[in-house]
Amino acid sequence: MLTVPRILWRTLLLFVILHLAAIAGIFWTAAPAMTTGNPRDVTLTPTLLGLVGGGILLLLLRGQSYTAPLPIVFAAIAEGLFLGGIATYFEGRMPGIVLQVAFAALSTVVAFLPLAATMRVRRLRRSARTLLFMAGGYLVLVLHNLTLMEMGFIPEHTAWGQGSPAVLAIPVGLILALLVIPSIAYALARAIEHTDTKVGSQTSAHHAWRVGLSIMALILWHFIETPRMLWRSCARTRRPLAG
């Protein structure tokens with residue numbers, strides 16, 4: 001039988017796997033730079049491996065009514081490699097932006113999992129749940145950046161997005177992270193509603209893995225969409241005015 005705790009435990013397991021794979025992707029991507037000392041000397045192998053492997057797995061999983069856990073675990077590993085690899089790659093070219101967006105996405109999910117496990121939180125209105133997930137996401141984002149400050153081998157400008165351009169003395173990377181968290185919090189507040197609906201309809205317990213994977217996909221979507229929208233906005237501002 002499908003239950004909310006079962007879904008959240010599966011989601012937590014997939015999130016831990018994704019996080020570990022992202023760390024592996026970071027170190028794999030940055031390995032050449034650690035050797036040469038040039039932050040631009042990185043490899044795209046984990047990014048491409050995660051993109052191709054994850055894309056193939058998601059296509060295979062799409063449309064299946066029953067999903068075995070092993071392909072979903074491999075899909076989470078592929079997503080983690082992709083996220084870790086692409087964040088490290090762009091961090092060398094746009095310091096302080098992409099990494100902060102990644103922290104924002106991960107921080108919101110970290111806050112969401114224990115909060116959503118509480119029946120009292122799930123019974124709140126969507127707006128109240130969203131605000132709660134937002135507050136938790138901001139708290140975990142602060143902890144992420146404080147941890148970065150304590151890592152001596154990480155450049156000082158990495159924490160708080162300090163390596164990015166600033167608007168009113170606030171780094172753009174940090175601004176984007178603060179904007180991404182409400183979007184993900186709202187998406188997660190909606191996701192938990194759909195989860196309760198599935199539980200109420202007595203859906204098979206095997207769907208817990210599928211629901212967990214869909215929550216992990218929220219991270220990927222926001223992580224890719226936010227820098228893409230930023231790039232398009234910058235392109236529009238650089239375009240000369242007609243006439």
Side-chain angles (χ1 to χ4, degrees), residues 1-29 44-88 101-117 122 133 137 140 180 183-226:
M1 178 180 175
L2 188 67
T3 62
V4 172
R6 187 190 296 268
I7 290 172
L8 294 176
W9 274 113
R10 300 298 190 278
T11 304
L12 176 61
L13 178 58
L14 291 174
F15 181 75
V16 170
I17 292 170
L18 182 147
H19 217 154
L20 292 175
I23 293 173
I26 289 172
F27 283 102
W28 188 354
T29 303
L44 286 173
T45 302
T47 303
L48 296 175
L49 184 63
L51 179 63
V52 174
I56 293 173
L57 285 168
L58 289 176
L59 285 174
L60 292 175
L61 292 171
R62 187 179 181 182
Q64 289 188 13
S65 58
Y66 166 73
T67 304
L70 195 57
I72 291 183
V73 169
F74 281 123
I77 293 173
E79 182 180 340
L81 285 175
F82 174 78
L83 291 176
I86 199 171
T88 306
V101 173
F103 279 159
L106 296 174
S107 298
T108 313
V109 177
V110 169
F112 157 77
L113 288 172
L115 290 172
R122 297 202 304 275
F133 296 158
V140 179
V180 164
S183 176
I184 301 182
Y186 177 76
L188 290 172
R190 292 189 60 187
I192 199 64
E193 289 178 8
H194 294 311
T195 300
D196 280 326
T197 302
K198 289 179 181 293
V199 170
S201 62
Q202 303 294 316
T203 308
S204 169
H206 296 305
H207 282 76
W209 289 102
R210 179 182 290 276
V211 177
L213 183 63
S214 67
I215 293 174
M216 293 298 97
L218 288 174
I219 303 175
L220 183 62
W221 188 88
H222 283 85
F223 182 79
I224 294 175
E225 188 66 15
T226 301

Please report the closest heavy-atom contact between [X] and [Y], naming both atoms and the distance.
X      : Y      : value
Pro46  : Gly25  : CG-O, 4.0 Å
Gly84  : Ile26  : O-CG1, 3.6 Å
Ala111 : Gly137 : CB-N, 3.5 Å

Any chance you could measure [X], atom [atom1], to [Y], atom [atom2], to the nearest 0.5 Å?
X      : Y      : atom1 : atom2 : answer
Leu83  : Ile23  : CG    : CD1   : 12.5 Å
Ile215 : Ile184 : CD1   : CD1   : 12.5 Å
Ile72  : Trp209 : CD1   : CH2   : 7.5 Å
Leu49  : Phe82  : CG    : CZ    : 12.0 Å
Ile7   : Leu12  : CD1   : CG    : 13.5 Å
Glu79  : Ile77  : CD    : CD1   : 11.5 Å

Find out whether [X] and [Y] are in side-chain contact, i.e. whether some heavy atom of one side chain is under 4.5 Å from a heavy atom of the other.
X      : Y      : result
Leu81  : Trp28  : yes
Leu18  : Leu106 : yes
Met216 : Val109 : yes

Check your understanding: Looking only at atom types and distance, does a side-chain atom of Thr108 sit under 3.5 Å from a main-chain N or O of Ala185, one as donor and one as acceptor?
Key ->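 No, because the side chain of Thr108 does not come within donor-acceptor range (under 3.5 Å) of the backbone of Ala185.
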Check your understanding: Stepwise, does the side chain to side chain contact (heavy atoms under 4.5 Å, CB included) test hold for Leu213 with Leu58?
Key -> CA-CA 10 Å; Leu213 183 63; Leu58 289 176; 4.0 Å; yes
Practice item. Output, in order, the C-alpha distance, side-chain angles, deciding distance and verdict of side chain to side chain contact (heavy atoms under 4.5 Å, CB included) for Ile192 and Phe112. Key: CA-CA 10 Å; Ile192 199 64; Phe112 157 77; 4.2 Å; yes
Practice item. Would you please name every residue forming a ring-ring contact (aromatic ring centres under 6.0 Å, His included) with Tyr186, sequence neighbours left out? Key: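 By the ring-ring contact (aromatic ring centres under 6.0 Å, His included) rule, Tyr186 matches no residue at all.
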Practice item. Evaluate the side chain to side chain contact (heavy atoms under 4.5 Å, CB included) criterion for residues Phe27 and Thr88: first the C-alpha distance (whole Å), next the side-chain angles of each, then the deciding distance (0.1 Å), finally the verdict. Key: CA-CA 9 Å; Phe27 283 102; Thr88 306; over 6 Å; no
